[in-house]
Chemist: 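Sharing a structure here in structure tokens format.
In what follows, chains are A, B, ... by sequence order, proteins preceding strands, each numbered from 1.
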Protein chains: 4
Amino acid sequence: MGTTRDEQAEQRRTALMDAALAVFAAKGVDGASIKNIAAEAGVTPGLVYHYFESKTHLVTTVLRERGFGPRLRELLAEAADKPATEVLSLVVGGFQQVLADNAQLVELFFGASRSNDEIHAAMGDFVRDGRAMLADYLRSRAEAGELRPHDAEVAATALFATVAMGVRTATPIDAGELVRIVLLGTLVREGDFHD
Amino acid sequence: MGTTRDEQAEQRRTALMDAALAVFAAKGVDGASIKNIAAEAGVTPGLVYHYFESKTHLVTTVLRERGFGPRLRELLAEAADKPATEVLSLVVGGFQQVLADNAQLVELFFGASRSNDEIHAAMGDFVRDGRAMLADYLRSRAEAGELRPHDAEVAATALFATVAMGVRTATPIDAGELVRIVLLGTLVREGDFHD
Amino acid sequence: MGTTRDEQAEQRRTALMDAALAVFAAKGVDGASIKNIAAEAGVTPGLVYHYFESKTHLVTTVLRERGFGPRLRELLAEAADKPATEVLSLVVGGFQQVLADNAQLVELFFGASRSNDEIHAAMGDFVRDGRAMLADYLRSRAEAGELRPHDAEVAATALFATVAMGVRTATPIDAGELVRIVLLGTLVREGDFHD
Amino acid sequence: MGTTRDEQAEQRRTALMDAALAVFAAKGVDGASIKNIAAEAGVTPGLVYHYFESKTHLVTTVLRERGFGPRLRELLAEAADKPATEVLSLVVGGFQQVLADNAQLVELFFGASRSNDEIHAAMGDFVRDGRAMLADYLRSRAEAGELRPHDAEVAATALFATVAMGVRTATPIDAGELVRIVLLGTLVREGDFHD
DNA sequence: TATGAATGAGGATTCATTCAT
DNA sequence: GATGAATGAATCCTCATTCAT
């Protein structure tokens, strides 16, 4: 009934990623040292290299396994047959919740190393992936006639970036209000609009 | 008509800030070393400390004097008596232009050190200032009855964050489309909306 | 007819020494890590310590059991009753062949760790032994009146070192020419010689 | 009358190379750490990098500036118009003297890093250069009719390698005897020779 | 036998900063 | 003003070795 060797190893790996996430959040990726992370996890620096071949690998793994990608996928899957107005509220609210639960992730992204090209590139991919998922959903609603034709990448970026920036600057965004703006706009008389 | 001592000093200071901005953009704040910056400016590391008392001071000074705050202020001032629909297009387009012209600034912000608390705090202030300026404008248009009542901070964040994120992820945002979304929304039938 | 426990163990030991020799040749003694050697042998680092009590022991064992001592002994034994001129050609040629076949040995010697005194000492013994064997042969030929009296250690060193250095610097030595020089000299008129 | 800044810097550089040579000799190139070398010179590790951009550069610089190349060049230049028998005695004796004075050099070469390809290559070049200088001299004597036609590279290698190996194995070679063997050979009756 | 998790010391290197010149 | 030598601490990472499983 005791944990097996493999289970213990898996726990260690998990613990190291937890520790990494915490330290990245507190000090940023560049500011976090392997020593910091090891200490946070209560192990020796050398052990980190037993589980992750380099700091770069550690960062990209944390990003892949702990990023909001998996969570966002769930949210969109679950919300497949509801009206867009509800779905977007769920997505934005859920997204904000994920970020709130893992303030570290936002810091991870915004504080992402520019001093390490590999990490920087991974960071970009990661954001683009998330945005593409949301944009795909928006496009499908436009095709379904529920949303007017629009640049879904722009709308997705707006939803995503606004929430993230709100967290980053410690100015929480009201998710409902954000969805309202993106769905209904802010203009009183539509006729006033001209490019 | 030779330059005076003070002018020379001012030129050096300017040159050092130019160099710092360039290196920050290329390598991020944490990745930039004083040696790098000095080399970029064609001087020795020691001299940097004649003009800026520490790396932290150098960063915060660059941020204050070279941030997009001043530019944003200009843009909003110029656009003071035009309809919101036009003003926002100008502001967003102009903002995007500023960022495009100074990709360094975006990098400076996104790549801002989390490993140095003082720098991190300065970064936050700087973003909040910009957003507040835009929100003030939006609020004034709502009071004037041109825009419907809405959370201006959220809308300002959306405009600001979306453009910035687009630059950051090398996925340029269509400014017109962004303004259209924020002003007109994306929903086909307003009646479909419910919180 | 299956292999016994002892045979298996012996095979493992042999495999580990093969792996060690290969890695030493490729990276030098200092550059080779236990992990490298274990990987080369397809086992885990821990197992190496089952067969060899330390890296030092592994190196000295490889040196003793795989050094060219054994091969040199064979060459000299086979060549026991032929004229010196033929014997030396055989010995030098054979020696060069041994080195060519086991470039690893040359690297092992030349790349021998100075950072570990024990290994360094073992290395010295090993070379001195080889040289002594060749010198013994030369002395016996001088006593037999075939060679003029000379310092056999010097001649042996010359033969040995020249071939080895040639291999080390990737400049193969013509064995026949080396023997010719050591047996006949290079001077046109012997009378020209004076100390 | 005080030393200038440049002079002091030059002294430091010299002192660092002295220290490096000493530590390389004592522990081998791989065994020598920058910390060791800095301590030997009485400075901080960081300073080593102010003068030499990497450990590799330090090693190759020491080799180039302190190797026996410069010394060998002098010996051959001085010896230009003397009979080969005398010249070679001078060269071999002088060479042995250089090695005796800088036992470190021999260790440097023999202990040369195999774990660093760049250093290993530099080491090879360095030996080949020295050998080429001696071979050129031998060829010129053969053309002058003083030495019989022979493979000068082989003879040069023999002279060079034998002395070096003697030092390396702490078995000093009698320089006179070595020259005698290479000039006169060891065979009693030349007619006995056959390939 | 064999594994691979874990350690702790040490490796090369970089860096912000100071200060004599 | 300007230089660049010097520091010392911190960085990522590697390694020989041990030991519970």
Chemist: Can you give me the closest heavy-atom contact between A:P45 and A:I34, atom names plus distance?
Modeler: O-CG2, 4.0 Å

Chemist: Which comes earlier along DNA chain F counting from the 5' end, the contact point of B:L47 or that of C:E53, where each point is its nearest nucleotide?
Modeler: B:L47

Chemist: Can you name the residues that form a side chain to side chain contact (heavy atoms under 4.5 Å, CB included) with A:R13, not counting sequence neighbours?
Modeler: A:E10, A:M17, A:Y51, A:F52, A:T61, A:E65

Chemist: Quick check on DNA chain E: between D:P45 and A:D6, whose nearest nucleotide comes earlier from the 5' end?
Modeler: A:D6

Chemist: Using every non-hydrogen atom in the two residues, find where C:Y49 and C:S54 come nearest and quote the distance to one decimal.
Modeler: CE2-CA, 4.0 Å

Chemist: Measuring from A:L16:CG to A:H50:NE2, what's the distance to the nearest 0.5 Å?
Modeler: 10.5 Å

Chemist: Can you give the first and last nucleotides of DNA chain F, 5' to 3', that have an atom under 4.0 Å from a heavy atom of chain D?
Modeler: F:dT3 to F:dG8

Chemist: Whole angstrom is fine here: how far is it from OH in A:Y49 over to P in E:dG11?
Modeler: 17 Å

Chemist: When you measure from every atom of DNA chain E, which of residues 33-44 of chain A have a heavy atom less than 4.0 Å away?
Modeler: A:V43, A:T44

Chemist: Sort and list the pairs that fulfil salt bridge (charged side-chain N to carboxylate O under 4.0 Å, His left out) and have at least one residue in residues 35-60 of chain D, not counting sequence neighbours.
Modeler: none

Chemist: Check every strand shown and say whether C:Y51 touches a base, only sugar-phosphate, or nothing at a heavy-atom separation below 4.0 Å.
Modeler: sugar-phosphate

Chemist: When Watson-Crick pairs (N1 to N3 and N6-O4 or O6-N4) and G-U wobble pairs (N1-O2 and O6-N3) count only below 3.5 Å on both distances, what is the dot-bracket string of DNA chain F, with | for other-strand pairs?
Modeler: .||||||||||||||||||||

Chemist: List for me each residue that meets side-chain hydrogen bond (donor to acceptor under 3.5 Å, both in side chains) alongside A:T56, sequence neighbours excluded, and say none if there are none.
Modeler: A:N116

Chemist: Taking only residues two or more places apart in sequence or in another chain, which ones pass side-chain hydrogen bond (donor to acceptor under 3.5 Å, both in side chains) with B:T60?
Modeler: none

Chemist: Partners of B:T44 by side chain to side chain contact (heavy atoms under 4.5 Å, CB included), sequence neighbours excluded?
Modeler: B:L47

Chemist: Between B:H50 and C:T56, which has a closest nucleotide on DNA chain F that is more 5'?
Modeler: B:H50

Chemist: Please round to the nearest 0.5 Å and tell me the distance separating atom CG of A:L58 and atom CG of A:L63.
Modeler: 10.5 Å

Chemist: Distance from C:K27 atom NZ to C:I37 atom CD1, nearest 0.5 Å?
Modeler: 10.0 Å

Chemist: The criterion is side chain to side chain contact (heavy atoms under 4.5 Å, CB included); which residues satisfy it with A:R128, sequence neighbours excluded?
Modeler: A:D125, A:R131, B:T169, B:T171

